[in-house]
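Labels below follow one simple rule: chain letters A, B, ... track the order of the sequence lines, proteins then strands, and each chain is numbered from 1. Predicted, not measured: the structure shown is a model, and the values here were computed from it.
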Protein chains: 2
Amino acid sequence: MEQERIILIGAGNVAHHLAAALLKAGENLCQIYSRTLESARLLGMKTGIAYTAEMSEIYPDGDIYIFCVSDDSLASLLKTIRIKEEALLLHTSGSLPMDILKPYSKNYGVLYPVQTFSKKRDLDFDEIPLCIEGSSPNVLGKIKMLAEKLSGKIYAINSMQRKELHLAAVFACNFPNYLYSVAGKLLEEHGLSFAMLRPLIFETAHKVMLLTPEEAQTGPARRGDEGIMNMHKSMLKNNKDLLKIYTLLSDGIKEAQVKEGTDDSKASPAESVDMPTLW
Amino acid sequence: MEQERIILIGAGNVAHHLAAALLKAGENLCQIYSRTLESARLLGMKTGIAYTAEMSEIYPDGDIYIFCVSDDSLASLLKTIRIKEEALLLHTSGSLPMDILKPYSKNYGVLYPVQTFSKKRDLDFDEIPLCIEGSSPNVLGKIKMLAEKLSGKIYAINSMQRKELHLAAVFACNFPNYLYSVAGKLLEEHGLSFAMLRPLIFETAHKVMLLTPEEAQTGPARRGDEGIMNMHKSMLKNNKDLLKIYTLLSDGIKEAQVKEGTDDSKASPAESVDMPTLW
């Protein structure tokens with residue numbers, strides 16, 4: 001049986017890591033397209049795969065087209081791309097519904113990696129949760145087979161769940177990273193280095209690999225230490241935005257305490273829901 | 001030379017980890033005090049060290065008293081405790097000034113571990129940054145010798161810097177952990193599991209072990225993707241507090257972009273400050 005020809009549309013952070021994972025899995029990645037020649041060439045040279053920045057040069061005989069582009073770009077790309085009728089179209093977006101692909105093929109679906117990608121960081125793709133969805137049980141089965149070659153963590157979820165998951169990912173990743181940067185700036189103003197916080201950041205994330213975030217919560221708001229919180233607020237009085245963030249997040253921690261009590265032995269709600277759709 | 005007799009005041013999360021580190025370093029930990037007999041006994045039994053819940057039973061002939069208690073408790077404990085004149089008093093608070101100890105001994109200082117401690121988690125104490133301060137150069141030297149037996153990362157900083165560091169630590173640890181818990185609750189409402197986010201949380205923290213948070217930032221606010229952000233906001237419209245948090249943090253990420261530009265090759269401000277006080 002001939003291997004299916006995969007075309008990768010996009011050469012950004014996600015495409016970089018996905019291309020490497022496809023090649024590692026022995027998949028037949030044939031071509032990489034990017035809007036800019038510079039990006040296309042960079043990934044093409046890195047992987048040794050044919051690349052182009054011309055829509056008209058995208059191979060029309062691919063079996064699977066994987067779109068790793070911004071949500072905004074996807075619609076215009078879909079309108080222009082020439083593909084054979086039975087080609088499988090996959091997007092990798094956390095937020096776009098699967099059906100955005102419906103007008104362009106009868107075989108379509110989603111392959112959404114729940115991870116933060118930077119070109120500078122190597123990642124073990126096998127550990128990345130891949131959320132998949134397919135236009136039919138047959139298509140879903142095909143996507144599952146591909147996904148299983150890339151990762152050990154496959155979840156079948158629908159478009160609505162994926163949208164919620166993406167929102168949750170912003171809270172779990174993008175916002176904590178921004179708070180790291182706020183912390184770094186507060187230190188910098190007083191001649192201290194961000195490096196002093198690295199072991200703390202590392203441990204904060206490691207704790208919730210086993211504990212629930214509710215069990216892992218520490219700090220003045222968790223202890224209800226109003227004296228410290230008032231002092232911190234007065235230290236932030238010249239930065240209204242940070243003061244608002246401090247107050248909102250501290251209030252959130254305090255309210256969670258009131259709602260859940262402080263009984264650490266209690267099962268956490270975040271752990272009590274089984275994943276019915278996990279294979 | 002006889003080893004100095006160390007008395008640990010407190011049996012909470014910090015005391016648990018510090019007691020283990022002192023014993024591992026071969027220090028002469030003689031006694032543990034806690035306000036409640038249950039806590040004192042728990043740590044006493046775990047370490048095999050004498051314990052008490054009676055202030056009057058605290059050994060008055062200790063050479064070093066290390067206070068691992070809440071900021072509120074410290075003042076009242078200091079007023080009651082009987083110690084010999086030359087005893088060294090150390091507190092472990094991020095927020096209290098060193099001089100709170102001044103009325104009680106001529107030898108005093110601070111040993112502040114920049115870490116989040118939970119009894120359930122084992123930690124490599126050697127990796128924990130210890131911030132020290134001493135009432136005199138001589139006392140600082142003595143604290144440094146003790147600290148170096150416990151950790152490979154010793155910083156000499158003053159009370160004002162420590163206060164700022166503690167505030168930054170709230171932004172780098174307590175608030176990200178709260179956002180993990182918000183993310184878990186959002187998932188739970190849609191039949192999804194917190195476990196799906198664990199690799200993302202892990203990677204988000206690991207990225208900033210080498211990169212700066214500014215380099216590591218991803219997500220809709222970083223990309224300026226207003227469409228996604230508006231969708232997220234409408235998904236949060238029934239939860240005003242989360243909507244405020246989403247808006248404030250997204251605005252912060254966008255503003256940081258504007259201020260710093262998007263030139264990833266630029267040295268990060270958080271890294272550009274050397275630690276003049278690091279040994």
Side-chain angles (χ1 to χ4, degrees), chain A residues 95 114-116 121 127-129 161 164-165 167-184 186-188 190-194 196-205 207-209 213-214 216-219 228 232 235 241 244-245 248-249 252-253 269-270 273 275, chain B residues 95 114-116 118 121 127-129 161 164-165 167-184 186-188 190-194 196-205 207-209 213-214 216-219 228 232 235 244-245 248-249 252-253 269-270 273 275:
Chain A
S95 293
V114 189
Q115 193 47 283
T116 169
R121 279 277 300 174
E127 294 292 320
I128 299 174
Q161 289 175 311
E164 296 290 342
L165 177 57
L167 173 60
V170 170
F171 277 91
C173 162
N174 306 148
F175 290 168
N177 185 77
Y178 172 65
L179 295 175
Y180 303 158
S181 118
V182 167
L186 289 172
L187 290 186
E188 188 196 354
H190 294 87
L192 302 170
S193 158
F194 180 67
M196 297 178 81
L197 291 176
R198 285 197 163 116
L200 176 65
I201 287 171
F202 189 83
E203 172 63 12
T204 303
K207 271 169 103 169
V208 298
M209 294 303 110
E214 293 77 17
Q217 188 68 57
T218 56
I228 300 275
H232 285 166
M235 289 162 74
D241 289 335
K244 273 188 214 162
I245 290 170
L248 267 168
L249 296 178
I253 293 170
V273 178
M275 279 293 300
Chain B
S95 293
V114 189
Q115 191 48 284
T116 169
S118 296
R121 281 275 302 172
E127 293 293 318
I128 299 174
Q161 289 175 312
E164 296 290 341
L165 177 57
L167 173 61
V170 170
F171 277 90
C173 162
N174 306 146
F175 290 168
N177 184 77
Y178 173 65
L179 295 175
Y180 303 158
S181 115
V182 167
L186 289 171
L187 291 185
E188 187 196 356
H190 295 87
L192 300 170
S193 157
F194 180 68
M196 298 177 80
L197 291 176
R198 285 197 162 114
L200 176 65
I201 288 170
F202 189 83
E203 173 64 10
T204 303
K207 272 169 103 170
V208 297
M209 295 304 109
E214 293 77 18
Q217 188 69 58
T218 57
I228 300 275
H232 284 166
M235 289 162 75
K244 273 188 216 164
I245 290 170
L248 267 170
L249 296 178
I253 293 170
V273 179
M275 279 294 299

For [X], is it the side chain, the backbone, both or neither that has a heavy atom under 4.5 Å from a heavy atom of chain A?
| X | result |
| --- | --- |
| B:V208 | both |
| B:L165 | both |
| B:V114 | both |

Original post:
Picking from B:N174, B:L187, B:I245, B:V182, which has the most non-hydrogen pairs under 4.5 angstrom with chain A?
Top reply: B:N174
Subject >> Contact winner vs chain A - B:A169, B:P129, B:C173, heavy-atom pairs under 4.5 Å >> reply: B:C173
Give the minimum heavy-atom separation between [X] and [Y], together with the two atoms involved.
| X | Y | result |
| --- | --- | --- |
| A:A172 | B:Y180 | O-CE2, 3.7 Å |
| B:A183 | A:A168 | CB-O, 3.3 Å |
| A:H190 | B:Q161 | O-NE2, 3.3 Å |
| A:N177 | B:Q217 | ND2-OE1, 2.8 Å |
| B:F194 | A:P213 | CZ-CG, 3.5 Å |
| A:L186 | B:L167 | CD1-CG, 4.2 Å |

What's the separation between atom [atom1] in [X] and atom [atom2] in [Y], rounded to the nearest 0.5 Å?
| X | Y | atom1 | atom2 | value |
| --- | --- | --- | --- | --- |
| A:L192 | B:E164 | CG | CD | 8.5 Å |
| B:R198 | A:M209 | CZ | CE | 6.5 Å |
| A:F175 | B:L248 | CZ | CG | 9.5 Å |
| B:L249 | A:F171 | CG | CZ | 7.5 Å |

**OP:** Please state whether the side chain, the backbone, both or neither of A:I201 comes within less than 4.5 Å of a heavy atom of chain B.
**Re:** both
**OP:** Measure distances from A:E127 to the heavy atoms of chain B and classify the residue's part below 4.5 Å as side chain, backbone, both or neither.
**Re:** backbone
Original post:
Do B:S95 and A:H232 have side chains that get closer than 4.5 Å, going by heavy atoms?
Top reply: yes
Original post:
Do you know which of A:L197, A:L179, A:D241 has the most heavy-atom pairs with chain B at a distance under 4.5 angstrom?
Top reply: A:L179
